Q: 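Please read through the structure below; I'll follow up with questions.
Please read these numbers as outputs of a predicted model, since none were measured by experiment. Sequence lines set the chain letters: A, B, ... in the order given, protein chains first and strands last, and positions in each chain run from 1.
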There are 2 protein chains.
Amino acid sequence: MSGEVAGEQATDGQELNVGLLLFIPYRAMEDRIFAALAEAGFDDFTVAQARVMQRIGPDGTRLTDLAEQAQITKQTAGFLVDRLERAGYVERVPDPRDRRARLVKIAARGAAAIPVAESVVAEVEAEWAAHLGKRRMAQLRETLTRLREITDPYA
Amino acid sequence: MSGEVAGEQATDGQELNVGLLLFIPYRAMEDRIFAALAEAGFDDFTVAQARVMQRIGPDGTRLTDLAEQAQITKQTAGFLVDRLERAGYVERVPDPRDRRARLVKIAARGAAAIPVAESVVAEVEAEWAAHLGKRRMAQLRETLTRLREITDPYA
DNA sequence: GACATTGGTCAGTGTATCTGACTAATTTAG
DNA sequence: CTAAATTAGTCAGATACACTGACCAATGTC
């Protein structure tokens, strides 16, 4: 899962670089989601799998698209989808528009996991808002959305 | 490398959850640092290794501490430090205070890489500040620093 | 219809991560 | 001050994940 390379050397006396400052709460959110899912019985999937699953659109998404969005190779994406499929989180159906392709869709088990994840996200966001104040929290979201304009490779 | 699990399902019509919003620029920063290091000839190390190396303090740090801070097992940390050591980025010296322990320190090649990374961080931060405006950029840093208070496991 | 492109798989390799078991040095208790 | 518990680190083995290269089949282009 994840990495956090940003600046080299732990200065640790304040003034962390922004990259690391972004990573810390991100990681905390991820850990919370994972813990909650595991506790709810969804303990047989991994961060990498979730990363891919998260990208599946409501009508299904092609493997190649998933790979591109998750910034991994299609081989890796295929590997991860295999796992997800075997665990019942997703399914592959033929793409009616293109006989080469198949659409990866959320399956029953996946659909069951999503509300669990969503509720944890809401819970954590509420905690953050309580600590920062509503205004600051809203500003944070807005600033990050703006930042996305120059940092998101496909959006 | 790193993950980004935060919310499940690509809603994609705005309102991304904050976890993912944090991850996007983090990832962009990381990619930039990596690309710059590779171009400068430091192409033989990985994100995971950098994650550990980043935590080494000025007087060296014990393996166990590195593991804890990077949130990995000490075995994994040992594995990564082995690689870093063979590539000349770090060295292990006996800890004078404790004969069980050894201190991992930045070696010559590591010391050479740090300024390269630092300059990219500065560059990227400047780009972000240009896009967001100075005030917003300062607010972002401040808010993230506050958020760290409740999301950083050891700090 | 030939050629290039696109969607996906197969095979092979290296990296990262974990758990469990172990040695050695240090610290704590009685 | 010895005995027990803790701490620092390693060894061994297993699994997951990520990449490259090679390939096949369907689609699109000229």
Q: OP1 or OP2 of C/dT17 sitting under 4.0 Å from any side-chain N/O of B/T73?
A: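 No, no such contact exists.
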Q: Over how many whole Å does the gap from B/I72 atom CD1 to D/dA8 atom C1' extend?
A: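 To the nearest whole Å, that distance equals 15 Å.
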Q: When you measure from the side chain of A/K74, which nucleotide among D/dT10, C/dT9, D/dA18 comes out closest?
A: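 Of the candidates, C/dT9 comes closest.
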Q: Taking the side chain of A/R51 as heavy atoms from C-beta outward, which of C/dT26, D/dA18, C/dG20 is closest to it?
A: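 The nucleotide sitting nearest to the side chain is D/dA18.
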Q: Mind checking whether B/F45 and B/Y89 have ring centres under 6.0 Å apart?
A: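 Ring-ring flag for B/F45/B/Y89: true, centres closer than 6.0 Å.
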Q: Would you say a side-chain N or O of B/R100 is under 4.0 Å from OP1 or OP2 of D/dT6?
A: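 Answer is no, no contact under 4.0 Å.
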Q: Output yes when at least one side-chain N/O atom of B/R99 is less than 4.0 Å from OP1 or OP2 of D/dA8, else no.
A: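 Looking at the OP1 and OP2 atoms of D/dA8, neither is under 4.0 Å from any side-chain N or O of B/R99.
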Q: When you check the phosphate oxygens OP1 and OP2 of C/dT15, does a side-chain N or O of B/T46 lie under 4.0 Å from one of them?
A: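 It does not, given that no N or O in the side chain of B/T46 lies less than 4.0 Å from OP1 or OP2 of C/dT15.
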Q: Of A/Q71 and B/D98, whose nearest nucleotide on DNA chain D comes first from the 5' end?
A: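 It is B/D98 whose nearest nucleotide is closer to the 5' end.
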Q: Take atom CZ of A/F34 and atom C1' of D/dA16, then tell me their distance rounded to the nearest Å.
A: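 A/F34 atom CZ is separated from D/dA16 atom C1' by 12 Å.
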Q: So, is B/T64 near the phosphate of D/dG9, with a side-chain N or O under 4.0 Å from OP1 or OP2?
A: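 So the side-chain polar atoms of B/T64 do come within 4.0 Å of the phosphate oxygens OP1 or OP2 of D/dG9, strictly under.
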Q: OP1 or OP2 of D/dC17 versus the side-chain N and O atoms of A/T76: is any pair under 4.0 Å?
A: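 So the side chain of A/T76 is outside the cut-off, no N or O lying under 4.0 Å from OP1 or OP2 of D/dC17.
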Q: Tell me whether B/E68 is salt-bridged to B/K74, with the criterion being a basic N under 4.0 Å from an acidic carboxylate O.
A: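 Salt bridge between B/E68 and B/K74, a charged N being under 4.0 Å from a carboxylate O: no.
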Q: Quick one: A/R97 CZ to C/dT6 P, roughly how many Å, whole number?
A: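 Answer to the nearest Å: 19 Å.
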Q: Checking contacts here: which listed nucleotide (C/dT19, C/dG7, D/dC17) is nearest the side-chain heavy atoms of B/Q75?
A: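 From the listed options, C/dT19 comes nearest.
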Q: Report the distance from atom CG of B/L103 to atom P of D/dG9, rounded to the nearest whole Å.
A: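 Those two atoms, CG and P, are 8 Å apart.
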Q: Over how many whole Å does the gap from B/Q49 atom CD to C/dG14 atom C1' extend?
A: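 Taking CD of B/Q49 and C1' of C/dG14, I get 12 Å after rounding.
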Q: Apply the test salt bridge (charged side-chain N to carboxylate O under 4.0 Å, His left out) to residues A/D44 and A/R109: give CA-CA distance (whole Å), side-chain angles for both, the deciding distance (0.1 Å), then the verdict.
A: CA-CA 11 Å; A/D44 56 347; A/R109 192 157 155 70; 2.9 Å; yes
Q: Whole-Å distance between C/dG7 C1' and A/E68 CD?
A: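 It is 13 Å, rounded to the nearest whole Å.
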Q: For the pair B/R32 and B/E123, evaluate salt bridge (charged side-chain N to carboxylate O under 4.0 Å, His left out) and give the outcome as yes or no after the intermediate values.
A: CA-CA 10 Å; B/R32 290 283 293 274; B/E123 185 181 305; 2.9 Å; yes
Q: Out of D/dA8, C/dG7, D/dA18, which has the shortest distance to the side chain of B/A101?
A: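 Comparing D/dA8, C/dG7, D/dA18 against the side chain of B/A101, the answer is D/dA8.
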Q: Hydrophobic clusters here meaning ILVMFWY residues chained together by side-chain heavy-atom distances under 4.5 Å, can you tell me if A/L103 and A/I114 are in one?
A: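 No; tracing contacts between hydrophobic side chains, which count when under 4.5 Å, never links both residues.
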Q: Output yes when a side-chain donor or acceptor of A/T76 lies under 3.5 Å from a complementary backbone atom of A/I72, and no otherwise.
A: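 No: the side chain of A/T76 does not pair with the backbone of A/I72.
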Q: Which whole-number value in Å describes the distance from A/F79 CZ to C/dG14 P?
A: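 Whole-Å distance recorded here is 17 Å.
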Q: Give a yes/no answer on whether the side chain of A/R92 brings an N or O atom under 4.0 Å of OP1 or OP2 in C/dT9.
A: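 Answer is yes, contact under 4.0 Å.
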Q: If the cut-off is 4.0 Å, is B/R83 near the phosphate of C/dT15, judged by side-chain N/O to OP1 or OP2?
A: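 Result: yes.
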Q: For A/L80 and C/dA16, what is the distance between atoms CG and P respectively, to the nearest whole Å?
A: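 After rounding, the gap between these two atoms is 17 Å.
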